[in-house]
Undergrad: 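Sharing a structure here in structure tokens format.
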Amino acid sequence: MADPRTTAVRVKTPIGQYGGGFMISREAKALCEEHGLGPRELYFRGRCGVLGECGADVVTSVAVFFPHEHVEKNWNGGRKMPVERAVELYAEACAAWGRRRLGDYAGAARIAELLEPVVRQASPAGAPLFAGWRAVPLPDDPPARATQLMHVVRELRGGLHANAVIAAGLHPLQATLAADHDATPIKAASGEIAARFFEWPEPYAKPDPDVIARRVAAEEATDDLMASVFSPLNNDESDELIELLRFGHAH
């Protein structure tokens with residue numbers, strides 16, 4: 001039976017991929033084309049628009065793993081669209097992605113049912129994007145609802161992980177590059193490929209053993225912080241969520 005920390009570790013990969021997959025989806029791309037926004041303009045205005053209309057420094061404070069210049073360019077470039085509308089569009093992309101990927105998965109409704117108390121009872125401390133997205137209304141249909149809830153949980157983990165990286169004395173670029181060298185199962189957004197994706201200027205320094213060790217410690221600290229998030233679930237519910245997400249991920 002899975003305890004809360006085991007649950008946090010076991011679900012982070014599928015939640016990370018399903019909760020964030022819409023950000024680079026065909027649905028998001030179509031909205032960019034329809035509304036005349038660059039992909040990163042919609043990304044920052046849509047994802048971070050839950051903070052309200054604010055300065056680029058505020059957005060950089062939560063989009064920790066992107067360089068400020070890149071955030072500023074795209075946040076300000078997207079000002080042609082009000083943040084409230086950008087958030088609506090981003091939620092629409094999330095829902096459409098969820099319907100396409102989980103539309104015929106019978107477990108979607110139960111995933112949503114299990115994640116709702118997790119999201120409702122979690123502390124927003126240190127995770128402003130989580131707090132903002134938790135306030136966004138959920139869709140009624142199970143595939144879209146489950147996907148948006150996974151996005152909200154992903155934002156919580158992302159905020160807590162950023163805190164752990166900073167507390168470990170790591171620059172966000174160091175943490176990104178060092179992720180290639182640790183044992184974490186999430187490799188889709190790590191290393192030099194991720195650094196280029198995040199638009200950090202090259203060349204990149206090879207992380208030394210101390211940086212790698214601190215990156216591993218930050219990942220473990222994030223798992224520790226996420227353990228309490230899953231405490232509303234009993235062991236049977238935790239096992240069920242892990243299994244549902246395993247099959248949903250394969251599906």
Undergrad: Can any side-chain N or O of Arg45 pair as donor or acceptor with the backbone N or O of Met81 at less than 3.5 Å?
TA: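 The answer is yes, because a donor-acceptor pair under 3.5 Å joins these two groups.
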
Undergrad: Which atoms form the tightest heavy-atom contact between Ala63 and Phe44, and what is the distance?
TA: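 Reported closest heavy-atom pair: CB-CE2, 3.9 Å.
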
Undergrad: Could you tell me if the side chain of Val153 sits less than 4.5 Å from the side chain of Met226, heavy atoms only?
TA: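 Counting from C-beta outward, Met226 and Val153 do come under 4.5 Å.
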
Undergrad: Using salt bridge (charged side-chain N to carboxylate O under 4.0 Å, His left out), reason through Glu116 and Arg145 one step at a time and then give a plain yes or no.
TA: CA-CA 10 Å; Glu116 284 195 53; Arg145 193 178 190 89; 2.9 Å; yes

Undergrad: For the side chain of Gln148 and the backbone of Pro137, is there at least one donor-acceptor N/O pair under 3.5 Å apart?
TA: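 At least one qualifying donor-acceptor pair exists.
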
Undergrad: Donor-acceptor check, side chain of Trp133 to backbone of Pro128, threshold 3.5 angstrom: yes or no?
TA: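 Flag not set: sc Trp133 to bb Pro128 has no pair under 3.5 Å.
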
Undergrad: What is the distance from atom CZ of Arg5 to atom OG of Ser228, rounded to the nearest 0.5 Å?
TA: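 With rounding to 0.5 Å, CZ (Arg5) is 11.5 Å from OG (Ser228).
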
Undergrad: Less than 4.0 Å between a side-chain N and a carboxylate O, is that true for Glu33 and Arg26?
TA: no

Undergrad: If you count every heavy atom of other residues, nucleotides or ligands that lies below 6.0 Å from Arg85 atom CZ, does the total exceed 12?
TA: yes

Undergrad: Over all heavy atoms of both residues, which pair between Ala205 and Leu177 is shortest? Give the atoms and the distance, please.
TA: O-CD1, 3.5 Å

Undergrad: Would you mind reporting whether Glu72 and Thr60 have side-chain heavy atoms less than 4.5 Å apart?
TA: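 No, too far: nothing below the 4.5 Å cut-off.
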
Undergrad: Which distance, rounded to the nearest 0.5 Å, do you find between the CG of Leu149 and the CD of Glu113?
TA: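 Going from CG on Leu149 over to CD on Glu113, the span is 11.5 Å.
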
Undergrad: Among Thr222, Leu156, Val64, find the residue that satisfies the side-chain contact (heavy atoms from CB on, under 4.5 Å) test when tested with His161.
TA: Thr222

Undergrad: Assert yes or no for the condition that the ring centre distance of Phe66 to Tyr43 is strictly below 6.0 Å.
TA: yes

Undergrad: Are more than 12 heavy atoms from other residues, nucleotides or ligands located less than 6.0 Å from atom CG of Asp210?
TA: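 Yes, enclosed.
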
Undergrad: Could you tell me the separation between the CZ atom of Arg40 and the SG atom of Cys32, rounded to the nearest 0.5 Å?
TA: 11.0 Å

Undergrad: With sequence neighbours excluded, give me every ring pair (Phe, Tyr, Trp, His ring centres under 6.0 Å) pair touching residues 218-244.
TA: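 Every candidate ring pair (Phe, Tyr, Trp, His ring centres under 6.0 Å) pair involving residues 218-244 fails, so no pair, neighbours aside, qualifies.
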
Undergrad: Looking at every non-hydrogen atom in both residues, tell me the closest pair between Leu233 and Leu114 and how far apart they are.
TA: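 Scanning both residues completely, I find the closest heavy atoms to be CD2-O, 3.5 Å.
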
Undergrad: Roughly how far, to the nearest 0.5 Å, is the CD atom of Glu192 from the NZ atom of Lys206?
TA: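 Answer for the NZ-CD pair, Lys206 versus Glu192, is 10.5 Å.
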
Undergrad: Take atom NZ of Lys80 as the centre, draw a 6.0 Å sphere, and report whether it contains more than 12 heavy atoms from other residues, nucleotides or ligands.
TA: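 Count over threshold, so yes.
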
Undergrad: Is the shortest side-chain N to carboxylate O distance from Glu92 to Arg99 below 4.0 Å?
TA: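 The answer is no: the pair does not qualify as a salt bridge.
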
Undergrad: Salt bridge (charged side-chain N to carboxylate O under 4.0 Å, His left out) for Glu219 and Lys12? Distances and angles first, verdict last.
TA: CA-CA 11 Å; Glu219 183 71 21; Lys12 65 182 173 181; 2.7 Å; yes

Undergrad: Taking the side chain as every heavy atom from C-beta outward, state whether Glu84 and Glu53 have any pair of such atoms under 4.5 Å apart.
TA: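 Answer no - side chains too far apart.
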
Undergrad: Looking only at heavy atoms, what is the nearest atom pair of Leu37 and Gly78, with distance?
TA: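 Nearest pair, atom of Leu37 first, then Gly78: CD2-CA, 4.2 Å.
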
Undergrad: Do you know the tightest heavy-atom contact between Ala175 and Val165?
TA: CB-CG1, 3.7 Å

Undergrad: Taking all atoms of both residues into account, what is the closest heavy-atom pair of Trp97 and Ser25, and its distance?
TA: CE3-CB, 3.8 Å

Undergrad: Is Leu115 close to Ile111 at the side-chain level, that is, under 4.5 Å between some pair of heavy atoms?
TA: yes

Undergrad: Please check if the number of heavy atoms outside Arg214 that lie under 6.0 Å from its CZ is greater than 12.
TA: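 Buried by this count: over 12 neighbours within 6.0 Å.
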
Undergrad: Verify, without hydrogens or angle tests, whether Tyr105 (side chain) and Leu244 (backbone) share a donor-acceptor contact under 3.5 angstrom.
TA: yes

Undergrad: Taking Arg134 for the side chain and Ala122 for the main chain, is one N or O donor matched with an acceptor at less than 3.5 Å?
TA: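 Indeed, once roles are kept as given, a pair shorter than 3.5 Å links the two residues.
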
Undergrad: Using 4.0 Å as the upper bound for N to carboxylate O, is an ion pair formed by Glu41 and Lys73?
TA: no

Undergrad: Would you say Thr6 and Asp3 are linked by a side-chain donor-acceptor pair, where the criterion is simply a distance under 3.5 Å?
TA: yes

Undergrad: Check Asp223 with Arg10, please: is the shortest side-chain N to carboxylate O separation under 4.0 Å?
TA: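 Result for this pair is no, no salt bridge flagged.
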
Undergrad: State the CZ-OG1 distance between Phe22 and Thr147, to the nearest 0.5 angstrom.
TA: 9.5 Å

Undergrad: Can you confirm if the aromatic rings of Phe198 and His70 lie within a centre distance of less than 6.0 Å?
TA: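 Centroid distance His70-Phe198: not below 6.0 Å, so no.
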
Undergrad: Are any non-hydrogen side-chain atoms of Phe130 and Val119 less than 4.5 angstrom apart?
TA: yes

Undergrad: Indicate yes or no: at least one non-hydrogen side-chain atom of Leu102 is less than 4.5 angstrom from one of Met150.
TA: yes

Undergrad: How far does OG1 of Thr176 sit from CZ of Arg196, to the nearest 0.5 angstrom?
TA: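 Answer for the OG1-CZ pair, Thr176 versus Arg196, is 12.5 Å.
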
Undergrad: Looking only at atom types and distance, does a side-chain atom of Trp200 sit under 3.5 Å from a main-chain N or O of Phe65, one as donor and one as acceptor?
TA: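 Judged by distance alone, yes, a pair lies under 3.5 Å.
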
Undergrad: Check for a donor-acceptor pair, side chain of His171 on one end and backbone N or O of Leu173 on the other, with a separation under 3.5 Å.
TA: yes

